[in-house]
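All remarks here apply to the structure that follows.
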Amino acid sequence: MKIFQKQWLSLALLIAVALPVALRAERGGGGDILKSSYGKNPHFSGGAPPVGNTGAITPLISNHGGAVIGTPTVYVIWYGNWTRATGSDTAAGQQIVRDFLQSVGGSPYFAVNTTYTPSSSVITGGVVWGKQTTDTGSKGTKLSDSAIQSIVSGAITGGRLQYNANGIYFVLTSSDVTATSGFCSRYCGWHTYGNVSGKGRVRYSFVGNAARCITSCAAQTVGPNDNAGVDGMVSVIAHELEEATTDPDLNAWYDSNGAENADKCAWTFGTTTALPNGSFYNLTLGTGAATRNYLIQRNLKIVGGLNYCVLQ
Ligand SMILES: [Zn+2]
């Protein structure tokens, strides 16, 4: 009886949170899993990326009581064929993503997320690099939402990636792969959570290769690291990483429209600088040989009770 009552309580809670979650999930794309999607670039121009609004942003973001992740550990699953000699799907392209994920923690850019307090745990601004693995195509090249979840759970239950309750698992696809709930047509990436049987809750994200639809899922057709597709993906990865940190279960930080922090600053870049190859960048991260320029979207900072889109 006690278990029965608990189940009804869970059901009531589920109904209570289902409405705002569903509204948010609908904004970016359908599919069979509730998720927070990052919509396509609405204003691709071919020129300098948009600065965006520098004044206070409304409606204000607020804490709906859900968990945040204090210091996320990131895991990457390279899905598809990332061994091509040219184009976006190269070993050099993978290195751009690793360099970003290994240098974003502790940066002034990621520290913007530390303004999301109070919460059930304190966001430190740190990001730990976990591990990477490959999946050369266990679910084919047309991935449903549930196939993407299976790719994550398969990597964990198969022992290729460890289970980490503070982990954020990224499925990064090569340019021959699509996601059937709307990659390129409705969204460029998304994040959500699921359950890995025998392990527990897992937070994960899909980010498709922007080379597949460069004017929809990137801000420019050349990149600061000479890989337009992957350079475009890095901004989407940053977006999903900050949302999965501040709203990992889709019940913590979002505004009255259901927009999470990075959604509110999507496809805006602040001050950018041109490079000799014709691309623009707005952020330099890393040390030594891993130092790179990136074009990364701004994120929402809480300052004195107001919200601003900033790079740091
Ligand atoms: Zn988003």
Side-chain angles (χ1 to χ4, degrees), residues 17 20-31 33-44 49-50 52-53 57-64 66-69 72 74 100-101 104 109-110 112-113 115-116 123 127 145 148 168-173 179 181-194 203-208 210 213 216-219 232-269 295-302 307-311:
V17 301
V21 170
L23 283 173
R24 285 187 294 149
E26 282 173 7
R27 290 191 314 109
I33 287 176
L34 284 176
K35 56 190 181 292
S36 172
S37 300
Y38 182 13
K40 295 192 299 178
N41 184 350
H43 39 53
F44 183 89
N53 186 350
I57 305 288
T58 56
L60 293 174
I61 201 163
S62 64
N63 178 4
H64 294 76
V68 300
I69 301 180
V74 294
F100 175 75
L101 289 174
V104 69
Y109 176 78
F110 204 73
V112 168
N113 300 294
T115 62
Y116 292 74
I123 296 171
V127 176
D145 290 354
I148 292 165
I168 300 172
Y169 296 80
F170 283 93
V171 177
L172 306 180
T173 51
S181 63
F183 175 54
C184 282
S185 63
R186 303 175 75 172
Y187 59 74
C188 300
W190 46 260
H191 77 96
T192 189
Y193 62 92
R203 282 72 169 238
Y204 65 99
S205 168
F206 163 83
V207 178
C213 50
S216 292
C217 287
M233 289 176 88
V234 173
S235 186
V236 182
I237 291 168
H239 176 120
E240 301 303 341
L241 176 60
E242 47 218 6
E243 290 183 348
T245 299
T246 56
D247 195 27
D249 302 326
L250 312 183
N251 61 2
W253 287 93
Y254 56 90
D255 73 10
S256 56
N257 296 323
E260 295 167 317
N261 58 356
D263 293 331
K264 294 171 70 64
C265 307
W267 300 109
T268 70
F269 300 90
L295 182 73
I296 305 291
Q297 75 147 79
R298 301 184 304 167
N299 189 21
L300 194 77
K301 186 173 189 174
I302 303 173
N307 293 174
Y308 299 90
C309 287
V310 298
L311 280 169

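When a residue number appears, it is its place in the shown sequence, counting from 1. Just so it is clear, the model here is predicted, and its values are computed rather than measured. Hydrogens, waters and symmetry mates play no part in the numbers below; they use all other heavy atoms, side chains included. All ligand and atom numbering here is 1-based and tracks the order in the structure.
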How about N299 and F110: do any of their side-chain heavy atoms sit closer than 4.5 Å?
-> no
Which protein N, O or S atoms lie under 2.8 Å from the Zn ion (ligand 1)?
->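 Near the Zn ion (ligand 1), below 2.8 Å, one finds H239 NE2, E243 OE1, E243 OE2, D263 OD1.
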Can you name the ring-ring contact (aromatic ring centres under 6.0 Å, His included) partners of [X], sequence neighbours left out?
{"X": "H191", "value": "none"}
{"X": "Y204", "value": "W190"}
{"X": "F100", "value": "Y294"}

Only one of T246, N63, D247 clears side-chain contact (heavy atoms from CB on, under 4.5 Å) with Y254; which?
->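 Result: among T246, N63, D247, D247 is the only option passing the side-chain contact (heavy atoms from CB on, under 4.5 Å) with Y254.
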Taking the two cysteines C213 and C184, decide whether their SG atoms are closer than 2.5 angstrom.
-> yes
